[in-house]
Colleague: 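Here it is, the structure in full.
Just so you know, these numbers come straight off a predicted model, no measurement behind them.
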Amino acid sequence: MRRLEGKVTIVTGATMGIGRAVAKAFAAEGAWVIAADIADQDRPGDQKIETRRLDVADEEAWASLAEEVMRRYGRVDVLVNAAGVIGYEPIHELTTAQWQRVLDVDQTGVYLGMRAVLPAMRERRAGSIINLSSAWGVVGGVGVAAYNAAKGAVGSMSRNAAVTYAREGIRVNAVVPGWIRTPLTDRQPADANERVIGATPAGHGGEPEDIAAGCVYLAGDDARFVTGTELVIDGGFLAV
C-alpha cells in the first residue's frame, strides 16, 4: 500500500519548487491533494491533484478553502504550509512594507493555515501539519532580516502547536531545508548561491524532491510518534 493512501491533504505554494514537488509526491503515494497557490497553476495531469487559488495571507480565503474541503471530503488529514517569499534587505534598509510582506506570507500564512484546519483535525483527533521553515530560521544570514524573523517564528509556532494539540492526536512538525534548487534560488545572485553551497558539507545543493520525501514521511503513519521536531534536510549545512 502507498504510504498516504486516501489521505486528504492541502499543500500551499504548489505552483513551483518545493510545494509543487510535495503535491506530486503526495499524489504518487495515494493522497488526495488540494494544491493551493496565489499564482495560476498548470493543469496537474493527475486526477488526485486539484488546484485552487489561495492567498495564504487572506483569512477569509483560508476559511473558504477549509469549508470546501470539509464539504467535499469530510476531513483534512494533512496540511503542508510550503508557500513562501523572501526579502534580502538588512534591517537598516528594510521598509515596513517589505517587512510586512514577508511576515504576511511566511509567518501569518502559516498561522492562518493551521487555524483553518485545526477544528477539523481536533474533531477527528487526528492530523499532521508540516510547516516549511529554513536554515535561515535557525542561524542568521547576511541581510534577509524579515525572512530570518519569519522562518524563526515558524519553528516556534510549530513547537507550540505540537505540544498544545499532541493529546488530541495532532502532530505538528517543521521541515528545515538548506539550499534547494528552485525558481527562487535561480533568481538569487550567483555569488550568494555559491557561498551557501560552498558552506554545505555535501558539496552541492538539494532538489525539491529531497524536501518532498521528508514531508511524505512526516505526513504518514510511519511518523506517528514524531511531533514538535524540526527535520533538517540541508546536506550538513547546519552541522558545521
Side-chain angles (χ1 to χ4, degrees), residues 11-26 37 39 56 80-95 97-107 109-110 130-159 173-219 223 226 228-240:
V11 180
T12 71
T15 295
M16 61 183 183
I18 291 172
R20 185 181 181 92
V22 171
K24 292 171 66 175
F26 277 18
D37 203 295
V56 297
V80 180
N81 281 309
V85 296
I86 190 170
Y88 298 96
E89 300 81 9
I91 290 174
H92 70 280
E93 296 178 358
L94 184 63
T95 68
Q98 290 168 329
W99 165 267
Q100 196 61 54
R101 173 179 176 269
V102 175
L103 265 65
D104 281 348
V105 176
D106 294 0
Q107 181 176 347
V110 171
I130 303 164
N131 298 321
L132 268 291
S133 181
S134 167
W136 298 135
V138 180
V139 297
V142 176
V144 298
Y147 189 72
N148 260 159
K151 290 301 186 179
V154 168
S156 295
M157 290 192 298
S158 300
R159 289 188 294 273
N173 294 286
V175 173
V176 181
W179 191 95
I180 303 297
R181 188 182 310 281
T182 68
L184 186 151
T185 54
D186 286 345
R187 292 193 296 267
Q188 291 179 159
D191 61 336
N193 288 332
E194 290 168 3
R195 282 198 303 272
V196 179
I197 295 172
T200 300
H204 58 82
E207 300 294 335
E209 291 74 17
D210 297 318
I211 308 305
C215 291
V216 167
Y217 166 67
L218 290 174
V226 180
T229 194
E230 292 181 319
L231 177 58
V232 177
I233 307 174
D234 70 346
F237 179 80
L238 290 177
V240 176

Colleague: Between K24 and E209, is the closest basic N to carboxylate O distance under 4.0 Å?
Modeller: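 Judged by the 4.0 Å cut-off on N to carboxylate O distance, E209 and K24 do not form a salt bridge.
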Colleague: Could you report the tightest heavy-atom contact between D106 and G84, atom names first, then the distance?
Modeller: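 Between these two residues, the closest heavy atoms are OD1-CA, 3.1 Å.
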Colleague: For D37, give me all partners under side chain to side chain donor-acceptor pair (under 3.5 Å), at least two apart in sequence or on another chain.
Modeller: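 Once residues adjacent in sequence are excluded, the partners of D37 under the side chain to side chain donor-acceptor pair (under 3.5 Å) criterion are T15.
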Colleague: Does a side chain donor of either Q98 or T95 reach within less than 3.5 Å of an acceptor in the other side chain?
Modeller: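 Yes, side-chain donor-acceptor contact under 3.5 Å.
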Colleague: Minimum heavy-atom separation for A82 and G19, please, with both atom names.
Modeller: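 A82 and G19 have their closest heavy atoms at CB-CA, 4.0 Å.
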Colleague: Show every salt bridge (charged side-chain N to carboxylate O under 4.0 Å, His left out) that has at least one partner inside residues 179-189, sequence neighbours left out.
Modeller: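 Residue pairs passing salt bridge (charged side-chain N to carboxylate O under 4.0 Å, His left out), neighbours aside: R181-E207.
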Colleague: N81 versus I130: any side-chain heavy-atom pair under 4.5 Å?
Modeller: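 Side chain of N81 against side chain of I130, heavy atoms only: no contact under 4.5 Å found.
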Colleague: Determine, stepwise, if the pair V175 / L218 fulfils side chain to side chain contact (heavy atoms under 4.5 Å, CB included).
Modeller: CA-CA 9 Å; V175 173; L218 290 174; 3.6 Å; yes
Colleague: N148 side chain to G140 main-chain N or O, any donor-acceptor pair under 3.5 Å?
Modeller: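 No, because the side chain of N148 does not come within donor-acceptor range (under 3.5 Å) of the backbone of G140.
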Colleague: Of all the heavy-atom pairs spanning I86 and R101, show the shortest one and how long it is.
Modeller: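 Here I86 and R101 meet closest at O-NH1, 4.2 Å.
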Colleague: Kindly indicate whether the side chain of R20, heavy atoms from C-beta on, has any atom under 4.5 Å from the side chain of V11.
Modeller: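 A side-chain contact is absent here, since even the closest heavy-atom pair is not under 4.5 Å.
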Colleague: Are N131 and S158 close enough that a side-chain donor and a side-chain acceptor fall under 3.5 Å?
Modeller: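 Present: a donor and an acceptor within the cut-off.
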Colleague: Starting from the C-alpha separation in whole Å, work towards a yes-or-no answer on side chain to side chain contact (heavy atoms under 4.5 Å, CB included) for V110 and M157.
Modeller: CA-CA 9 Å; V110 171; M157 290 192 298; 3.9 Å; yes
Colleague: Check whether S133 reaches the backbone of K151 with its side chain - one donor and one acceptor, N or O, closer than 3.5 Å.
Modeller: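 A pair under 3.5 Å: yes.
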Colleague: Just so I know, are the side chains of I18 and I180 near enough to count as touching, which here means a heavy-atom distance under 4.5 Å?
Modeller: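 With C-beta onward as the side chain, the pair touches.
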Colleague: Less than 4.5 Å apart, any side-chain heavy atom of T182 and any of M16?
Modeller: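 No - every pair of side-chain heavy atoms lies 4.5 Å or more apart.
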Colleague: How many angstroms lie between atom CD of Q100 and atom CD of Q107, to the nearest 0.5 angstrom?
Modeller: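 With rounding to 0.5 Å, CD (Q100) is 9.0 Å from CD (Q107).
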Colleague: With distance as the sole test, does D234 use its side chain to make a donor-acceptor pair with the main-chain N or O of W179 at under 3.5 Å?
Modeller: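 Not a single qualifying donor-acceptor pair exists.
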Colleague: For P208 and A21, which heavy atoms make the closest approach, and how far apart are they?
Modeller: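 It is CB-CB, 3.6 Å.
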Colleague: Taking E93 for the side chain and P90 for the main chain, is one N or O donor matched with an acceptor at less than 3.5 Å?
Modeller: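 Looks like no, no N/O pair under 3.5 Å.
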Colleague: Would you say L132 and T12 make side-chain contact, with heavy atoms under 4.5 Å?
Modeller: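 Counting from C-beta outward, L132 and T12 never come under 4.5 Å.
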Colleague: Go through the steps for V80 and F26 under the test side chain to side chain contact (heavy atoms under 4.5 Å, CB included), then give the verdict.
Modeller: CA-CA 11 Å; V80 180; F26 277 18; 3.7 Å; yes
Colleague: By the definition side-chain contact (heavy atoms from CB on, under 4.5 Å), identify the one residue from I91, L94, D104 that meets it with W99.
Modeller: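 Running side-chain contact (heavy atoms from CB on, under 4.5 Å) over I91, L94, D104 with W99 returns exactly one hit, L94.
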Colleague: Is any side-chain heavy atom of Y217 closer than 4.5 Å to a side-chain heavy atom of V226?
Modeller: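 Y217 reaches V226 side chain to side chain.
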Colleague: Shortest non-hydrogen contact from A146 to L103?
Modeller: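 Smallest heavy-atom distance, with atoms named: O-CD1, 3.8 Å.
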Colleague: Under the rule for ring pair (Phe, Tyr, Trp, His ring centres under 6.0 Å), what residues qualify as partners of W136, not counting sequence neighbours?
Modeller: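 Listed in chain order: F237.
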Colleague: Where is the tightest heavy-atom contact between G214 and I233, given as atom of each residue plus distance?
Modeller: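 Smallest heavy-atom distance, with atoms named: CA-CD1, 4.0 Å.
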Colleague: For residues V139 and L238, determine if any side-chain heavy atom of one lies less than 4.5 Å from a side-chain heavy atom of the other.
Modeller: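 Yes, side chains in contact.
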Colleague: Would L231 and V176 satisfy side chain to side chain contact (heavy atoms under 4.5 Å, CB included), going step by step from the backbone distance to the final call?
Modeller: CA-CA 6 Å; L231 177 58; V176 181; over 6 Å; no
Colleague: For the CD atom of E230 and the OG atom of S134, what is their distance to the nearest 0.5 Å?
Modeller: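 E230 atom CD to S134 atom OG measures 10.5 Å (nearest 0.5 Å).
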